[in-house]
Amino acid sequence: MIRLFVGLELPDDIKDQVYSLRGGVPMARWVDKEKLHLNLRFLGNIQENTAQNFHDQLCQLRFNAFNLALAQVGYFATGDEPHHLWVGVNYYQALDDLSAKIDKIARDCGINNDRFKFHAHVSLASLHGTSLDEVMKFVSANNLFRTREFKVYYFTLFSSHARENGEGKYYRIEARYPLLLT
């Protein structure tokens, strides 16, 4: 079994800018800079032969390169309980379309549906007991957040692995899939 997800790597300067948002939110567990990415499709734990088939199908996917910029911050909540902070995107239609193509390939390979509807974002932090008021202060203070526009030339298949010391996990790049230059 291998734990996989498909996402977009971010340019280093964009990661630096997103990383600078850390702080000021009680009980937030911030995402490490090296883990910042935009998730397109979570696959979960799948068999090696299914992973190989999925990879082979992704190699056949044709999609045009596109521009992207990160913009605004927000949060996910269950009822009045916030559980994640995120940075959103501009120009999300291309991401929606690419995600839908990847999702179809996953389903065709027999991989279960992702339990969450796709919402283009970069995760900033998970929240554990943070009040809605504290989250709203953070969102208000950073709502004008914007990055430069950058070109997306490829998407990436990542694997997720537990650290041997038991302190979290790390991601490894399994493959990159080029997009068409127009």
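The first residue of the sequence shown is numbered 1, and numbering continues consecutively from there. What's counted below: heavy atoms across the whole structure, side chains too, no hydrogens, waters or symmetry copies.
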Is the shortest heavy-atom distance from the side chain of [X] to the side chain of [Y] under 4.5 Å?
X	Y	answer
Arg172	His161	yes
Thr156	Leu40	no
Tyr153	Leu179	no

His55 and Tyr177 side chains, donor-acceptor separation under 3.5 Å: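 There is such a pair between these side chains.
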Results of salt bridge (Lys or Arg N to Asp or Glu O under 4.0 Å) for Arg146 - residues two or more places apart only: none
Qualifying residues under salt bridge (Lys or Arg N to Asp or Glu O under 4.0 Å), relative to Lys35, sequence neighbours excluded: none
Aromatic ring pairing Phe76/His83, orientation class (parallel under 30°, perpendicular over 60°, tilted between):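 Phe76 and His83: parallel rings.
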Mutual orientation of the aromatic rings belonging to His37 and Phe158 [parallel < 30°, tilted 30-60°, perpendicular > 60°]: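 The arrangement is tilted - the two ring planes meet at 30° to 60°.
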Salt bridge (charged side-chain N to carboxylate O under 4.0 Å, His left out) contacts in which one or both residues fall within residues 11-30, not counting sequence neighbours: Asp13-Arg148, Asp16-Lys33
Solution key, residues 127-139 side-chain donor-acceptor pairs under 3.5 Å, sequence neighbours excluded:
from, atom 1, to, atom 2, distance (Å)
His128, NE2, Ser126, OG, 3.2
Thr130, OG1, Pro26, O, 2.5
Ser131, OG, Glu134, N, 3.1

Set of residues satisfying side-chain contact (heavy atoms from CB on, under 4.5 Å) with respect to Leu144, sequence neighbours excluded: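 So Leu144 forms no side-chain contact (heavy atoms from CB on, under 4.5 Å) with any residue.
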Those residues that, when tested against Gln93, pass side chain to side chain donor-acceptor pair (under 3.5 Å) (two or more places apart):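 Side chain to side chain donor-acceptor pair (under 3.5 Å) check on Gln93 returns Asp97.
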Heavy atoms of other groups near Lys169 NZ, more than 12 under 6.0 Å: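 Open: at most 12 neighbouring heavy atoms sit under 6.0 Å from NZ of Lys169.
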